[in-house]
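Working notes, structure below.
Throughout, protein chains are lettered first and strands after them, A, B, ... in sequence-line order, and every chain is numbered starting at 1.
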Amino acid sequence: MRLTDYFIPTLRESPKEAQIPSHSFMLRAGLIKQSSAGIYSWLPLGLKVLKNIEEIVRLEMNRTGSQEILMPTIQPAEIWRESGRYEDYGKEMLRIVDRHDREMLYGPTNEEMITDLFRSTIRSYRDLPKNLYHQQWKFRDEVRPRFGVMRGKEFLMKDAYSFDLDREGAIRSYNQMFVAYLRIFNQMGLKAIPMKAETGPIGGDLSHEFLVLADTGESEVFYHKDILNFKVPNDEIDYSSELQTIVDEWTSLYAATSEKADQNVHTELNDSLMSARGIEVGHIFYFGTKYSKAMSASVADSNGNLRYLEMGSYGIGVSRLVGAIIEASHDDKGIIWPESIAPFKVGIINLRKDDGLCVKESDLLYSAIGDAGLSVLYDDRDESGGAKFANMDLIGLPWQVIVGPRGLKEGQVEIKNRATNQKQSVPLGEVLNVLSGR
RNA sequence: CGGAGCGUGGCGCAGUCUGGUAGCGCACUUCGCUGGGGGUGAAGGGGUCGGAGGUUCGAAUCCUCUCGCUCCGACCA
């Protein structure tokens, strides 16, 4: 993509409503545009990142055997009355009345809907276990939206739901998601720590939140320092194997948000205790028969007896992750995208639009890099070098290829790594090798 | 929902107290010089001052109502 063709409205100054780096950079780099409080349009650059995150989540969820579906954003009120949450959820739920005076709502989550879907189609224990997920926009009428997409009213969430015949099966499903979450966040360059969590309005007796450490996090967290050394399961992972040992390891050391914090443990841990702030990016629940009982979702077991489904639900804040990743990865100049989710892998800066050789070599590199299958954003504007450097650093692409007359005299360009700030002069013919050789 | 504050050009702000021709920086347009970290000169374009009503010869400025946004607190992926 040529920058002169791209819709990327960047700002030199930060809008005053942006209080934290991720919000400021997302506005300044042209990722999002606020529509109203807590509601945003996603612009091309931001949407690319969002899609990249979605895709990482999708691939890993599919690996676990979970199957993707897509449920509606608008839900009928009846099923929420059945579960009892229509009243419980309060004003956060956006309620709508259609032209026939039917009560509807913009879904803040989908436990009722999936339970309704499942109970009306599944009859036998032979159909279990199942795990279904979707990535759909949710709406929670937050009293006070803030921090940009980190705490918006409208947000994209991946939510998965597991159905098992018994508790043992449900724990297996829970463990699969637990391990998948470790891997998903890891693939985005994040260190996410699972912590014992409150089950809140979803209910249940087993629950973990996954938190990314960041100074601007909304939650205060405490953890044993060694938890940061635990290994995330690699690509060889087999989701049908016994995962309990992995879960046991990751839950063996103390880690808790302030709501679940235990002062006695803190005293015991002493120097091993770390205190920090965290951003919740995932939350998994095992809640048993809470919804299946309320909504009569059952199957026949092998003896022909009806049994209520054992369920769990598993959320990931997809749109929030865009902000969370920036919080975890930026400097004073701008965003530093991890390669796996970067909107483009490479940015080309042509320092001299009026220099024929610079234009020619930049054009050639642009084609060559694109042909090699690497996504590339080409700054072909007639701007000063300083402006282009500042802009590219703000956008935060992992690799910058800087083409200028000085280097071209020697047949070289400069390649800069945004994260390490390391620069190396590279002969024109070696650029592709350097970029793809990693 | 309690408390506080702010709405003036795309962004950041001054002007409001004390009513009298709407300003500044950045961004934008054209031209020139410049060209390896947001350079520079000249010439331009763009705002019924959030909205409605009122007071006044005259309202961005005073009064009333209203809408929106932000911050602190309580709540949430």
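Minimum atom distance to the side chain of Leu11(A) is reached by rC11(B), of the listed rC11(B), rC76(B), rG37(B). Side-chain proximity of Ala390(A) to the nucleotides rG38(B), rG12(B), rC76(B) is greatest for rG38(B). Closest approach to the Val143(A) side chain among rC76(B), rA74(B), rG37(B) is made by rA74(B) (side chain taken as heavy atoms from C-beta onward). Closest to the side chain of Gln34(A), out of rG37(B), rC69(B), rC11(B), is rC69(B). Between rG36(B), rA74(B), rG37(B), one nucleotide has an atom nearer to the side chain of Pro405(A) than all others, and that is rG36(B). Checked against rC75(B), rG36(B), rC71(B), the side chain of Gln19(A) finds its nearest nucleotide in rC71(B). Which of rC75(B), rG38(B), rG36(B) sits closest to the side chain of Glu414(A) comes down to rG36(B).
Nucleotides rG53(B) and rA74(B) have their C1' atoms positioned 37 Å apart, rounded to a whole Å. Distance noted for atom C1' between rG47(B) and rG10(B): 11 Å (whole Å). Across rC49(B) and rG9(B), the matching C1' atoms stand 10 Å from one another, rounded to whole Å. Taking atom P on both rU56(B) and rG19(B), the two are 16 Å apart, rounded to the nearest angstrom. Here, rA59(B) and rU64(B) have their C1' atoms 15 Å apart, quoted to the whole Å. Spacing between rA22(B) and rU61(B) at atom C1', rounded to whole Å, works out to 12 Å. When the P atom is used for both rA4(B) and rU16(B), the distance is 24 Å, rounded to whole Å. If you take atom C1' in rC69(B) and the same atom in rG50(B), they sit 10 Å apart, rounded to whole Å.
Regarding contacts with the backbone of rU70(B), every side-chain N or O of Lys16(A) stays at 4.0 angstrom or more from both OP1 and OP2.
With salt bridges taken as basic N to acidic carboxylate O contacts below 4.0 Å, none links Arg95(A) and Glu103(A). Note on Lys290(A) versus Glu111(A): no salt bridge recorded, every NZ/NE/NH1/NH2 to OD/OE distance being 4.0 Å or above.
Ring planes of Phe178(A) and His208(A): perpendicular class, angle over 60° (limits at 30 and 60°). Ring geometry for His266(A) against Phe222(A) counts as tilted: the plane angle lies between 30° and 60°, on a 0 to 90° scale.
The partner of rG9(B) cannot be assigned: no Watson-Crick or G-U wobble pair with both contacts below 3.5 Å exists in any strand. rG47(B) is unpaired under the Watson-Crick or G-U wobble criterion, no partner having all donor-acceptor distances under 3.5 Å. Under the Watson-Crick and G-U wobble criteria, each requiring two contacts below 3.5 Å, nucleotide rA22(B) is left unpaired. Base pairing analysis places rG32(B) opposite rU40(B); the two distances defining the Watson-Crick or G-U wobble pair are each below 3.5 Å. When both pairing distances are held under 3.5 Å, rG53(B) makes a Watson-Crick or G-U pair with rC63(B).
Between the side chains of Asn62(A) and Glu68(A), no donor-acceptor pair is found at a separation under 3.5 Å.
When heavy atoms are screened at a 4.0 angstrom cut-off, Lys423(A) is found touching base atoms of the nucleic acid. Using a 4.0 Å heavy-atom criterion, one finds that Gly90(A) contacts no nucleic acid atom at all. Gly315(A) comes within 4.0 angstrom of nothing in the nucleic acid, heavy atoms only. Lys33(A) comes within 4.0 angstrom of nothing in the nucleic acid, heavy atoms only. As judged by a 4.0 angstrom heavy-atom cut-off over every strand, Ser319(A) is placed among residues making no nucleic acid contact. No engagement by Lys388(A) is indicated, since no non-hydrogen atom pair under 4.0 Å with the nucleic acid exists. Heavy atoms of Ile402(A) sit under 4.0 angstrom from at least one base atom.
When the side chain to side chain donor-acceptor pair (under 3.5 Å) test is applied to Glu218(A), the partners found at least two apart in sequence or on another chain are Arg151(A). For Phe389(A), there are no ring-ring contact (aromatic ring centres under 6.0 Å, His included) partners, not counting sequence neighbours.
Within the structure, ring-ring contact (aromatic ring centres under 6.0 Å, His included) contacts touching residues 3-22 of chain A (residues at least two apart or in different chains) are Tyr6(A)-Phe344(A).
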For nucleotides 24-28 of chain B, give me every protein contact, N/O to N/O, under 3.5 Å, one pair per line with atom names.
from    : atom 1 : to       : atom 2 : distance (Å)
rG25(B) : N2     : Glu13(A) : OE1    : 2.9
rC26(B) : O3'    : Arg12(A) : NH1    : 3.3
rA27(B) : OP1    : Arg12(A) : NH1    : 3.1

Sort me out a list of protein N/O and nucleotides 31-34 of chain B N/O pairs below 3.5 Å, or just none if empty.
none

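The closest side-chain heavy-atom distance from Leu394(A) to Phe25(A) is below 4.5 Å.
The CD atom of Gln400(A) sits 12 Å away from the C1' atom of rG36(B) (whole-angstrom rounding). Going from atom NZ of Lys91(A) over to atom C1' of rC75(B) covers 14 Å, rounded to whole Å. Computed from coordinates, the Asn350(A) CG to rG36(B) P distance equals 13 Å when rounded to whole Å. Between Phe285(A) atom CZ and rC76(B) atom P the separation is 10 Å, expressed in whole Å. Summarising the geometry, the separation between CG on Asp332(A) and P on rG37(B) is reported as 17 Å, rounded to the nearest angstrom. Atom CG in Asp355(A) sits roughly 13 Å away from atom C1' in rG36(B) (whole-Å rounding).
Residues Lys353(A) and Gly317(A) both approach RNA chain B. Their nearest nucleotides, taken by heavy-atom distance, put Lys353(A) toward the 5′ side. Nearest-nucleotide positions on RNA chain B place Gln412(A) closer to the 5' end than the other of Ser219(A) and Gln412(A).
Aromatic rings from Tyr366(A) and Tyr378(A) are positioned such that their centres are separated by under 6.0 Å.
Contacts between residues 36-57 of chain A and RNA chain B, counted as heavy-atom distances below 4.0 Å, involve Ser36(A), Ala37(A).
Checking Tyr86(A), Tyr89(A), Tyr106(A), Tyr291(A) one by one against Trp80(A), the ring-ring contact (aromatic ring centres under 6.0 Å, His included) holds for a single residue, Tyr89(A).
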